[in-house]
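Please see the structure below; I have some questions.
Heavy atoms only: backbone and side chains are in, while hydrogens, waters and symmetry mates are out. None of the values given here were measured: they were computed from a predicted structure. Within every chain, numbering begins at 1; the chains are lettered A, B, ... in the order of the sequence lines, protein sequences first and strands thereafter.
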Amino acid sequence: MSEATPIFRPGDRVRVRAAYPLGHVRTPFYVRGRTGEIERLCGVFANPEELAQMRSGEPKQPLYRVRFRQTELWPDYRGPAHDVVEVELYQHWLEPA
Amino acid sequence: MNEDRGTYRPLSYFQLMEVSLRELLVEKGVLTDAEVDAAVEDMRRRGPERGARVVARAWTDPAFKARLLADGTRACEELGFDLPALRLVVVENTPEVHNAIVCTLCSCYPRMLLGLPPDWYKSREYRARMVREPRAVLAEFGLVLPETVRIRVHDSTADMRYMVLPMRPAGTEGWSEERLASIVTRDAMIGVAVPKVA
């Protein structure tokens with residue numbers, strides 16, 4: 001079983017890769033290229049992009065909950081600046097910000 | 001399923017896929033028809049009662065609540081709810097924070113605790129708008145929250161499933177767990193409503 005080592009910690013600032021690969025990708029378009037903050041590490045899971053191709057899903061990827069301010073996601077967001085969306089993202093989609 | 005039972009319609013691609021796969025599994029002896037029927041019936045029968053019992057326990061037992069927020073799956077097992085393959089994250093509403101759940105990519109939902117999801121939860125409209133303008137969506141559900149309350153929307157995109165732990169309403173002091181559970185609705189555990197004392 002090969003798995004990637006978690007490199008981010010709660011509170012770390014991360015940017016989601018602005019990539020557009022085909023296939024079974026669990027990274028919503030609306031967070032790609034956006035910056036957020038690690039809320040927690042959820043565990044290490046088989047990579048769904050690999051599983052969907054009938055492969056083993058290895059190396060397994062750390063899965064984080066990443067918190068985004070609504071105003072970062074939607075520049076015309078009408079609510080208060082403290083509103084947030086939290087999204088589960090795999091480590092290979094994240095880079096330090 | 002075709003709702004209009006009077007008219008013949010060919011099966012859709014996915015209906016045909018489901019029938020083919022099911023018949024193959026039965027033919028090869030992996031499953032029996034009775035097992036498939038029982039599993040479907042079990043899913044249909046399940047409602048939000050389990051989730052409501054979890055909430056009522058958390059309202060009456062602070063130590064349980066702490067364990068629930070730390071590891072939702074394990075805490076539910078304490079109540080005898082076995083949640084195979086379900087990694088549960090419970091998020092707590094407070095006077096400062098209101099949580100709501102959505103799955104923008106599909107319709108991930110903690111079925112083992114809440115039963116089948118309502119149709120609106122699977123609709124494109126809810127899925128698209130809940131992350132984009134949650135306050136407007138909540139208002140349409142009749143829930144208007146002041147701007148001082150932070151809205152925390154959870155997009156269930158991968159391996160976790162989510163349940164909201166609502167705030168216990170005033171006027172429920174001294175209630176039994178059973179009575180408390182009776183006011184915990186499915187919508188309150190999705191985060192589009194709050195429990196009310198009738």
Side-chain angles (χ1 to χ4, degrees), chain A residues 3-4 6 10 16-17 23-32 34 36-52 57 60-94, chain B residues 69-74 85-110 124 126-139 143-164 191:
Chain A
E3 54 181 63
V16 185
R17 284 170 48 219
H24 181 71
V25 176
R26 304 296 303 178
T27 303
F29 279 74
Y30 71 89
V31 299
R32 297 190 198 177
R34 305 294 182 173
E37 185 179 290
I38 301 285
E39 193 261 348
R40 75 177 80 168
L41 172 67
C42 301
V44 180
F45 294 91
N47 181 350
E49 294 155 37
E50 294 291 307
L51 287 180
K60 290 187 174 181
Q61 290 292 329
L63 178 70
Y64 301 94
R65 307 193 68 242
V66 182
R67 176 179 292 174
F68 299 90
R69 287 195 176 263
Q70 288 278 18
T71 49
E72 159 75 6
L73 299 177
W74 320 105
D76 62 344
Y77 185 72
R78 279 186 298 233
H82 61 189
D83 285 358
V84 294
V85 177
E86 296 179 18
V87 181
E88 288 158 55
L89 296 166
Y90 296 92
Q91 181 164 286
H92 66 291
W93 273 92
L94 302 174
Chain B
L69 295 174
D71 184 338
T73 304
R74 197 168 302 164
L86 192 153
R87 303 277 305 238
L88 184 70
V89 175
V90 177
V91 285
E92 184 188 17
N93 284 350
T94 67
E96 292 82 33
V97 179
H98 180 87
N99 295 278
I101 315 300
V102 64
C103 172
T104 58
L105 296 177
C106 41
S107 55
C108 298
Y109 189 77
R124 277 177 181 259
Y126 179 77
R127 288 160 47 209
R129 293 180 60 220
M130 197 58 188
V131 290
R132 181 77 176 81
E133 44 174 5
R135 286 177 186 270
V137 175
L138 293 177
L143 187 59
V144 178
L145 295 163
E147 300 227 325
T148 48
V149 174
R150 164 186 273 192
I151 308 260
R152 208 177 152 205
V153 175
H154 303 270
D155 189 355
S156 185
T157 48
D159 295 84
M160 304 291 128
R161 295 294 175 270
Y162 295 88
M163 189 177 92
V164 175

Top contributor to chain A contacts, counting heavy-atom pairs under 4.5 Å, from B:Val91, B:Val97, B:Val149:
B:Val149
Less than 4.5 Å apart, any side-chain heavy atom of A:Gln70 and any of B:Ile151?
no
Checking heavy atoms, do the side chain of B:Val102, its backbone, both or neither come under 4.5 Å from chain A?
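For B:Val102, there is no contact with chain A at all, as no heavy atom is under 4.5 Å.
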What are the two closest non-hydrogen atoms of A:Glu88 and B:Asp159, and how far apart are they?
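In terms of heavy atoms, the two residues are closest at OE1-N, 2.9 Å.
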Taking all non-hydrogen atoms of both residues, which atom of B:Glu147 and which atom of A:Arg78 are closest, and how far apart?
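Taking B:Glu147 first and A:Arg78 second, the nearest heavy atoms are OE2-O, 4.5 Å.
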In terms of heavy-atom pairs under 4.5 Å, which option from B:Cys106, B:Ser156, B:Pro134 contacts chain A the most?
B:Pro134
To the nearest 0.5 Å, what is the distance between OH (B:Tyr162) and CD (A:Glu86)?
8.0 Å
Go through the atoms of A:Phe68 and report whether side chain, backbone, both or neither lie under 4.5 Å from a heavy atom of chain B.
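No part of A:Phe68 comes within 4.5 Å of chain B.
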A:Glu39/B:Arg152 ion pair, N-O < 4.0 Å:
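Salt bridge flag = yes for B:Arg152 with A:Glu39.
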Go through A:Thr27, A:Val84, A:Val31 and name the one with the most non-hydrogen pairs under 4.5 angstrom from chain B.
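That would be A:Val84.
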Need one label for B:Arg132: side chain, backbone, both or neither, based on atoms under 4.5 Å from any heavy atom in chain A.
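For B:Arg132, heavy atoms of backbone and side chain both lie under 4.5 Å from chain A.
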Can you say whether A:Tyr30 sits under 4.5 Å from chain B via the side chain, the backbone, both, or neither, judging by heavy atoms?
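The side chain, not the backbone.
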Please tell me if the side chains of B:Asp155 and A:Pro28 come closer than 4.5 Å, counting only heavy atoms from C-beta onward.
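Yes. Closest side-chain heavy atoms under 4.5 Å.
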Is B:Leu105 close to chain A through its backbone or its side chain, or both, or neither, when contacts mean heavy atoms under 4.5 Å?
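The side chain, not the backbone.
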Nearest heavy-atom approach of A:Val85 to B:Val131 is CG2-O, 3.9 Å
Among B:Arg135, B:Arg150, B:His98, find the one that has a side-chain hydrogen bond (donor to acceptor under 3.5 Å, both in side chains) with A:Asp83.
B:Arg135
What part of A:Leu63 gets closer than 4.5 Å to chain B, counting heavy atoms only: side chain, backbone, both or neither?
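Side chain of A:Leu63 only, per the 4.5 Å heavy-atom cut-off to chain B.
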